[in-house]
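Following: one structure in structure tokens, then a few remarks.
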Amino acid sequence: MRWDGEVCIVSGDNRAWGSSNNPKTVIELWCRSREGHSVVLLVNGLSPYLEISESQTIGNQEPTKSLEVVSQMSEVTEPPILVGEKLSQDGKVRNHYRVMIKDTRFVRNLRKRLIEIGWKVTSADILFVHRLLLDLDLGPHIATDGEVLWAGPRAPSHLASKFEGKRVEAAERIRDIGGSGLYPCDMVVSCDIGELSRADPFPTPFVTLSFDLETSVRHNTILCAAVVVARGEERTEHEFRGPEKEILEGMTRLVRDEDPDFITGYNIDNFDLPRVLERAEENAGRSKFEQAALCGWGRVPAVESEQKRLRPSRRLNRVWDLTGRIPMDAWWQVRQTLRPERESLRFVANLLWPESEDKQKLDIDASKMDEEWRARPDEVMEYCVRDTHLPLDILAHLQSVERKEALAAVAKTTVETAATGTTSQWIDSLVIRLADKEEIAVPMTQSGPRRRDQIAGGYVHEVEPGLKPWVAVLDFKSMYPSIMISQNICSTTLVRDESKEESHNVSPEGTARYVSFDERKGLVPRLLSKLMEQRDYHKTELKKARESGDEEAVFLHDQLQYAVKILMNSFYGVFASSFYRFTHPDLGASITEWARHNIRTIIENVEKGGHNVVYSDTDSICVQAQVETDSPINKPPDDSLVYSDWLAAKEETLRTGNRLAEKFTKEGAELEFETALSAFFSHGAKKRYVGRVVWPREEMLIRGYEVRRTDSFRLLTSTMTEMFELILSNEEWSAVEMSKAVIDDVRGRRIEASDLVISRSCKGSLRRDGRVDFHKVYKNPDSLPYVRAAKQRIEAGLGFTPGMKVGWIVTNAKTSPMTVEAWMVDELGVEPPEYDPEFYAKRLATALGRITEAFHWNAKELLEGTRQQSIFDF
DNA sequence: CAGGTATCCTAC
DNA sequence: TAAGGTAGGATACCTG
């Protein structure tokens, strides 16, 4: 029986099968169909391989090394096949041979042996699933037509009915083509590589499961758990209580029944997942079979041979690996996209849904969970269920899943690689498939020449302290990608010998030269131009869809254009890194060389043209417009006499911006007029400035200052913001007075402690017993206020997971190190700590004084101004 | 108390 | 033993 349809690949893996005479490798693709069914595709027909070439010989003469020796190696299935000439990493062209391998597990060994006997080895470190997508030029969305080997109750009914009561036969047929048995999915479909093809991206109806554990503070045991499954708009709740073993069994059964693609929760990476594993081991003893029943969440049959893939496991470092599914911690998503001041679930819920009381109501004291559980288990359970819904709400709000899917579509990877992979994996996916097409050998990671010292980065212009009226801000559109395109920068176009052709693109400081675009187009420039076109396409389609009111298309194209942007911006970083497979030390260095050259040349020319360049950073430039000297910077009312003066100044600034953009834009370096400011202010430090934007919208622009920083405290942020408003309105005196008043308030303890919470992220190394070791990551952990605060949280039973932000109040700065108290009010509802007024007064004065110093009011004076008042206090 | 070191966070 | 980059500001702690 056959099934055809479109699916999105969640993740993939491979298994060896067949016989020693006829070894085969099947690729397992865990997918979700367009209609919502979970499908395991078992793909046969592709064999693992790598490529070899001679280290020395050039050209297409017969190899001096023996291909016969390679043929005889036990891991190799047939004599190497000549694939033709390919461009090697060192810039030379050589014959390359494909070596077919019995099993992916032998690759590492074979690689080593081939290198030992003098071969150059390429295309030898690519995961087999990636190989499938590369060779067939597939993305995550594919169409397939295959043989149905199993259809469960949730499969289309005409299929499901055929398999009723035939589990054993189905499992056997699956094993016959290389699968491991009855996968816990709606359907298992077998196909050949010829039966897969690309499909246009569509919004996949993924299923997400969220879970939360309530654990004993004293014994680390699980008291109860909740699971919420989101299938489309529908959510189902599940509660688990009773003996710990039954809780674990129940959850595992549910995961396998519901068969989600994503697993989420708040802090699951560092808390819930490790805890599930640890408790499963504790309850199951040594029996691996028992362990699988307690934590076998992987999307593979619950059989002995699958022990490894059944359990969640921590991949080399941070990310979790759960076969066939994607663990996605809502905490990490929040952190990356929202950057909240504090990261507790309570704080984030409050931030996102300030109106919704039920999401933040606090009625359980998590630090006394044992007592709470004993006294009122029903309320604890309710609290647990509510906290299980929140991660789903958060992911939906941040559109995390949709964004990963769009990135996967653009980078042509599985959704898993988009969600948990590294930027170099995304770039690999595009670059390798083009390299294969263009006869360019694919070197292994870490195989090229490596650089030890840093490359020079962007240029940052000095900034004078003070207020500058009427400034036009311009910047280069996608500066680094544009440079890479226009200079044809790529490891395949880098000139490695002494030849100096007229046509070469030579970097300004002479570090590198690249062959011209006409001679050979680099892989990277071509990919980047395509991505630029693709982004323009999605933007056009987005506009069209908006006009026609097609909301689904609006959503899709918006996600896709954003994903293209993310991907394009990742190129420079990867190619400037010291270890990427297609990089060379000169690549990154020459990109920034051109960047510095371009911006400096423009600064010079703008200044020659009589304009004052106020500031510049890497790809942006702030230029003063030449307006009438007494032009107002504050927008007067429409009917005011000076309104026309303000308007004239604004228009002159727009003219300046547009004129400069036109004048300095050249092929491959497009200078865009970004914003017009009626005033620009900096106290004289690079990367710290503010501006009042008057075009294209009206708003205040703040960069770098404490206002932008998540480790500032609320009072400082709000005071400084207010100060900037005044400064940008030419009311410096008021700014100073206002600051003094605030400093005075803090000294008089008239400020609420919640406005004084300082918070910073704190690292740590998680030990097997669940405790955190700070010495591994910090030289002198106890000298750091956030480590001291983290320790207090742990002490209080509130939990701390490495990497999270920790909030604290300084209660006495006279001690050394200063005394701090962790902020636990959000979570425990306790009384806030009593703060040290002098400390906060001083910190405010320092930060604000740095700014007022531009008007000759320093920190000391801000503090002194208040002293007179405190004399009266006595 | 000046200066150096460790650390975090941001701009681009 | 895993991996996008550099430039830059600021704070707390420690040392001599």
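Lettering of chains follows the sequences in order, A, B, ..., and the numbering in each one begins at 1.
- In terms of phosphate contacts, T423(A) brings a side-chain nitrogen or oxygen within less than 4.0 Å of OP1 or OP2 of dG4(C).
- Close to dG8(C), at under 4.0 Å from its OP1 or OP2, lies no side-chain N or O of H461(A).
- The listed nucleotides are dA10(C), dC14(C), dG5(C); the one nearest the side chain of A576(A) is dG5(C).
- The aromatic ring centroids of F571(A) and Y480(A) lie 6.0 Å or more from each other.
- Residue K686(A) places at least one side-chain N or O closer than 4.0 Å to OP1 or OP2 of dG8(C).
- Contact annotation: S570(A) side-chain N/O to dG4(C) OP1/OP2 distance is not under 4.0 Å.
- Along DNA chain B, the nucleotide closest to T618(A) and the one closest to S759(A) are compared, and the more 5′ of them pairs with S759(A).
- An OP1 or OP2 oxygen of dT1(C) is reached within less than 4.0 angstrom by no side-chain nitrogen or oxygen of R108(A).
- With respect to D617(A) and R703(A), no salt bridge is recorded, no charged nitrogen being found less than 4.0 Å from a carboxylate O.
- Under the 4.0 Å criterion applied to side-chain N and carboxylate O atoms, R688(A) and E706(A) are assigned as salt-bridge partners.
- Applying the ring pair (Phe, Tyr, Trp, His ring centres under 6.0 Å) criterion to Y580(A), with sequence neighbours excluded, gives F575(A).
- Within residues 704-713 of chain A, the residues approaching DNA chain B are G704(A), R708(A), R709(A), T710(A), D711(A), by heavy-atom distance under 4.0 Å.
- Within the 4.0 Å cut-off from OP1 or OP2 of dA10(C), at least one side-chain nitrogen or oxygen of R688(A) is found.
- Distance from the side chain of N780(A) is smallest for dC14(C) among the nucleotides dC14(C), dG4(C), dG8(C).
- For DNA chain C, each stem of at least three Watson-Crick or G-U pairs (distances under 3.5 Å) is given as range with range: B:1-12 with C:5-16.
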Would you mind writing out the side-chain donor-acceptor pairs for residues 756-764 of chain A within the sub-3.5 Å range, not counting sequence neighbours?
residue: S759(A); atom: OG; partner: E341(A); partner atom: O; Å: 2.7
residue: R760(A); atom: NE; partner: D711(A); partner atom: OD2; Å: 3.0
residue: R760(A); atom: NH2; partner: D711(A); partner atom: OD2; Å: 3.2

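- A donor-acceptor pair under 3.5 Å links the side-chain atoms of T815(A) to the main chain of T819(A), judged by distance alone.
- Between F713(A) and Y840(A), the ring-plane angle classifies as perpendicular under the 30° and 60° cut-offs.
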I'd like to know whether V690(A) forms a side-chain contact (heavy atoms from CB on, under 4.5 Å) with S682(A), so could you lay out the CA-CA distance, the side-chain angles of the two residues, the decisive distance to 0.1 Å, and finally the verdict.
CA-CA 6 Å; V690(A) 294; S682(A) 170; over 6 Å; no
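- Ion pairing between R314(A) and D269(A) fails under the 4.0 Å rule for side-chain N and carboxylate O.
- Legend: residues meeting side-chain contact (heavy atoms from CB on, under 4.5 Å) with S400(A), ordered by chain and number and at least two apart, are M328(A), Q333(A), L395(A), L398(A).
- Mapped onto DNA chain C by nearest heavy atom, R788(A) and R850(A) fall at different nucleotides, with R850(A) at the one closer to the 5' end.
- Ring centroids of Y705(A) and H683(A) are separated by less than 6.0 Å, placing the two rings close together.
- Using a 5.5 Å limit on the distance between ring centres and a 30° limit on the angle between planes, the aromatic ring of F579(A) counts as stacked on the six-membered base ring of dA3(C).
- Applying the 4.0 Å criterion to OP1 and OP2 of dA7(C), one finds that Q454(A) has a side-chain N or O inside that range.
- Mapping heavy-atom proximity under 4.0 Å, the span of DNA chain B touched by chain A runs 5' to 3' from dA6(B) to dC12(B).
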